[in-house]
Amino acid sequence: MAKRFQSVRGFNDVLPPDTALWQQLHAVAARSFAAYGYGEIRLPLLEHTSLFARSIGEVTDIVEKEMFSFQDREGDSLTLRPEGTASCVRAGLEHGLLHNQQQRLWYAGPMFRHERPQAGRYRQFHQLGAEAYGMAGPDIDLEIIALSARLLRGLGIGGVRLELNSLGTAETRERYRAALVAFLERHADALDAESQRRLHRNPLRVLDSKSPQTQDVLREAPTIVDALDADSRAHFEALQQGLADLGIAFTVNPRLVRGLDYYSRTVFEWITDQLGAQGTVLAGGRYDGLVEQLGGSPTPAVGWACGVERLILLMKSQGGVTPESGAHVYLCALGDEAGRAARRLAEQWRDTWPQLRLIVNAGGGKLAAQLKRADRSGAQLALILGEAELADRSIQVKSLRADASGAASPPQQTLAWAELPARLGGLLES
RNA sequence: GUGACCGUAGCUCAGUCGGUAGAGUCCCAGAUUGUGAUUCUGGUUGUCGCGGGUUCGAGCCCCGUCGGUCACCCCA
């Protein structure tokens with residue numbers, strides 16, 4: 001036997017029971033985005049490497065060691081996108097969508113990061129994202145957070161909390177960074193090794209260190225909220241007021257920073273403690289400087305992205321309604337003549353009821369074997385077409401399981417073909 | 001990238017002190033020539049992840065490697 005292939009590490013297949021959940025998720029998401037007037041943008045999976053280096057930040061882990069990059073035949077460095085925002089801004093600029101106008105966009109698709117896989121983290125993973133351009137005020141921050149809340153609610157996901165912070169403008173962040181570094185340097189001996197390393201490379205990341213000893217030190221640290229400029233403070237307070245108006249609960253977490261360099265002012269995360277170490281389910285914030293940084297005119301922007309695999313894990317663990325995707329009806333046919341008639345009838349029925357999920361037995365087999373397949377398919381009804389039925393244009397209708405009301409299965413019936421519409425129609429309504 | 005634990009039939013797993021490779025399930029056939037799900041009978045299924053070492057003999061011990069899971073790190 002030839003050696004069998006395996007999927008590339010961290011790249012997963014999604015199989016039929018789960019694909020139904022994915023479809024449900026995408027249906028809910030599409031409805032949620034449409035409810036706020038967001039239009040879908042489809043972006044390529046591959047971009048020039050420098051796009052990500054310029055937008056995400058040269059010293060972030062993503063750019064330094066997690067990108068799938070390679071040289072194409074012309075020698076250009078290309079990268080499988082590690083996130084969606086950079087591509088979205090690039091596409092917006094390339095097509096003139098962002099100049100002096102407002103845009104509400106969403107996207108969905110795979111992202112790629114070369115990390116060690118673990119629960120809720122894969123090398124190819126999927127994100128849904130929303131981005132809003134050309135609106136500077138807290139009202140659009142509020143809208144996009146409300147959209148995220150509606151999405152999570154629509155998926156039946158509970159047990160998540162919203163955390164919020166403001167990073168201020170680039171200038172206040174610079175001022176705060178200096179103050180924080182000064183503070184941390186005084187206490188460098190008390191920090192864990194990882195935080196000491198980050199102290200000068202990316203000091204804000206020290207704030208969300210998991211080390212208890214470092215968190216002890218941080219209790220006395222200056223907070224970014226205190227360093228906010230007046231405009232950022234007013235923006236942040238208006239957002240909090242708006243969330244209260246909409247009844248969206250949140251907590252301000254002054255230690256919340258995000259890993260990507262382009263954020264400014266509002267940052268937020270929806271967090272769960274039901275996914276082991278990967279608690280962040282959906283996260284985003286404002287990135288007012290990025291469009292200009294990528295060559296556009298100054299354009300305010302805000303957005304978020306969520307991890308589809310993480311949402312799926314939550315939907316599963318919280319026992320949400322599994323969408324019904326099995327067949328309604330399994331059609332058994334005995335002999336060549338009945339088989340031809342069955343395939344012809346099945347096409348007619350599918351024309352008549354577009355929602356009907358009908359499996360026609362293939363591969364022959366005696367009736368016992370066909371009924372066994374019918375049972376395994378999950379179908380509610382088996383239809384049996386043999387030579388006797390074919391001769392008088394009738395069909396046997398056999399119930400394979402108790403119906404939704406729990407009543408005992410009705411006995412097997414013989415129906416004329418003409419009588420079948422009423423019977424199947426009733427099945428489709430339930 | 002670092003660490004811990006785990007890799008035996010399509011699936012879930014057992015395998016004692018190093019001594020012939022096992023169970024359940026699934027699938028197929030029959031009991032039942034046109035009745036599933038229940039029952040009974042029979043049958044198919046293996047590079048014990050891979051490579052090397054120790055040994056008369058390795059699924060079991062040792063080294064390496066690949067893969068999986070979880071954690072660190074990072075992030076969605």
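The analysis underlying the following values was restricted to heavy atoms, covering all of them including side chains, and did not include hydrogens, waters or symmetry mates. Predicted, not measured: the structure shown is a model, and the values here were computed from it. Naming: A, B, ... by sequence-line order, numbering from 1 per chain.
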Spacing of A/L45 atom CG and A/R81 atom CZ [to the nearest 0.5 Å]: 4.5 Å

Mind calculating the distance between CG (A/L256) and P (B/rA76) to the nearest angstrom? 11 Å

Pairing annotation in dot-bracket form, given for RNA chain B with Watson-Crick or G-U pairs under 3.5 Å and | for cross-strand partners: (((((((..((((.....[..)))).(((((.......))))).....(((((..]....))))))))))))....

Rounded distance in Å - CD1 (A/I157) to P (B/rA76): 17 Å

Are the charged groups of A/D375 and A/R401 less than 4.0 angstrom apart, N to O? yes

Of all the nucleotides listed (B/rA76, B/rG36, B/rU35), which has the minimum atom distance to the side chain of A/I384? B/rU35

Distance in angstrom units between A/E387 CD and B/rU33 P, rounded: 16 Å

If each of A/V281 and A/K65 is mapped to the nucleotide of RNA chain B with the nearest heavy atom, which maps nearer the 5' terminus, i.e. the 5' end? A/K65

If the C1' atom of B/rC27 is compared with that of B/rA9, how far apart are they to the nearest Å? 12 Å

Between B/rU69 and B/rU8, how far apart are the P atoms? Round to whole Å, please. 14 Å

Are A/F11 and A/F68 near enough that their ring centres are under 6.0 Å apart? yes

Considering only atom C1', compute the distance from B/rG53 to B/rC6 and round it to an integer number of Å. 23 Å

Of the listed B/rG68, B/rU35, B/rA76, the closest approach to the A/K398 side chain comes from B/rU35

Whole-angstrom distance between B/rG46 and B/rG36, as gauged at atom C1': 32 Å

Given the C1' atoms of B/rG15 and B/rA58, what is the spacing between them in whole Å? 14 Å

With rounding to the closest Å, how many angstrom separate the C1' atoms on B/rC40 and B/rA21? 27 Å

For the pair made of CG in A/L371 and C1' in B/rU35, what is the distance, rounded to whole Å? 5 Å

Kindly say whether, by distance alone, the side chain of A/Q370 makes a donor-acceptor pair under 3.5 Å with the base of B/rU35? no

What is the distance, rounded to the nearest whole Å, between atom CG of A/D13 and atom C1' of B/rG68? 14 Å

Let's see if you get this right: which residues in residues 104-127 of chain A place a heavy atom under 4.0 Å from RNA chain B? A/R113, A/E115, A/R116, A/Q118, A/A119, A/G120, A/R121, A/Y122, A/F125, A/Q127

In this structure, NE2 of A/H235 is separated from OG1 of A/T169 (nearest 0.5 Å) by 12.0 Å

Using a strict cut-off of less than 4.0 Å between a Lys/Arg side-chain nitrogen and an Asp/Glu carboxylate oxygen, indicate whether A/R90 and A/E94 qualify as a salt bridge. yes

Should A/K316 and A/D18 count as an ion pair when the cut-off is N to O under 4.0 Å? yes

What does A/E309 touch in the nucleic acid at a heavy-atom separation under 4.0 angstrom: a base, only the sugar-phosphate, or nothing? nothing

My understanding is that only one of A/Q293, A/E131, A/R265 makes a side-chain contact (heavy atoms from CB on, under 4.5 Å) with A/Y287; could you say which? A/E131

Would you say that more than 12 heavy atoms from the other residues, nucleotides or ligands in this model lie under 6.0 Å from the CD of A/E387, or not? no

Salt-bridged, A/R340 to A/D336, with N to O below 4.0 Å? no

Of the listed nucleotides B/rG30, B/rG36, B/rC73, the one nearest the side chain of A/D61: B/rC73

Pick the nucleotide of RNA chain B nearest each of A/R376 and A/F11; which residue has the one closer to the 5' end? A/R376

Please pick, from B/rG68, B/rU32, B/rC27, the nucleotide with the shortest atom-to-atom distance to any side-chain atom of A/K372. B/rC27

In the structure I gave you, are the side-chain heavy atoms of A/T214 and A/V206 within less than 4.5 Å of one another anywhere? yes

A/E269 CD - B/rA76 C1' separation (whole Å): 9 Å

Distance check, rounded to the nearest 0.5 Å: A/L331 atom CG versus A/I359 atom CD1? 10.5 Å

For B/rC62 versus B/rC5, give the span between their P atoms, rounded off to a whole number of Å. 12 Å

Check the distance between B/rC70's C1' and A/L313's CG and give it to me in whole angstrom. 14 Å

Where at least one partner belongs to residues 143-168 of chain A, residue pairs that pass side-chain hydrogen bond (donor to acceptor under 3.5 Å, both in side chains), sequence neighbours excluded: A/Y36-A/R150, A/Y38-A/E143, A/R104-A/E143, A/S148-A/W270, A/R161-A/E163, A/E163-A/N253

For A/E83, report the nucleic acid contact type (base, sugar-phosphate, nothing); a contact means any heavy atom under 4.0 Å. nothing

Determine the contact category for A/A374: base if any of its heavy atoms lies under 4.0 Å from a base atom, sugar-phosphate if only primed atoms, P, OP1 or OP2 are that close, otherwise nothing. nothing

Check this one for me: any side-chain N or O of A/K366 less than 4.0 Å away from OP1 or OP2 of B/rU32? no

Please state whether the base of B/rG34 and the side chain of A/E389 form at least one donor-acceptor pair under 3.5 Å? yes

Looking across every strand, which nucleic acid part, if any, lies under 4.0 Å from A/A388 by heavy atom: base, sugar-phosphate, or nothing? base

Let me know the distance between CG of A/D336 and P of B/rG34, rounded to the nearest Å. 14 Å

Sticking with atom P, work out how far B/rU41 lies from B/rG51, rounded to a whole angstrom. 40 Å

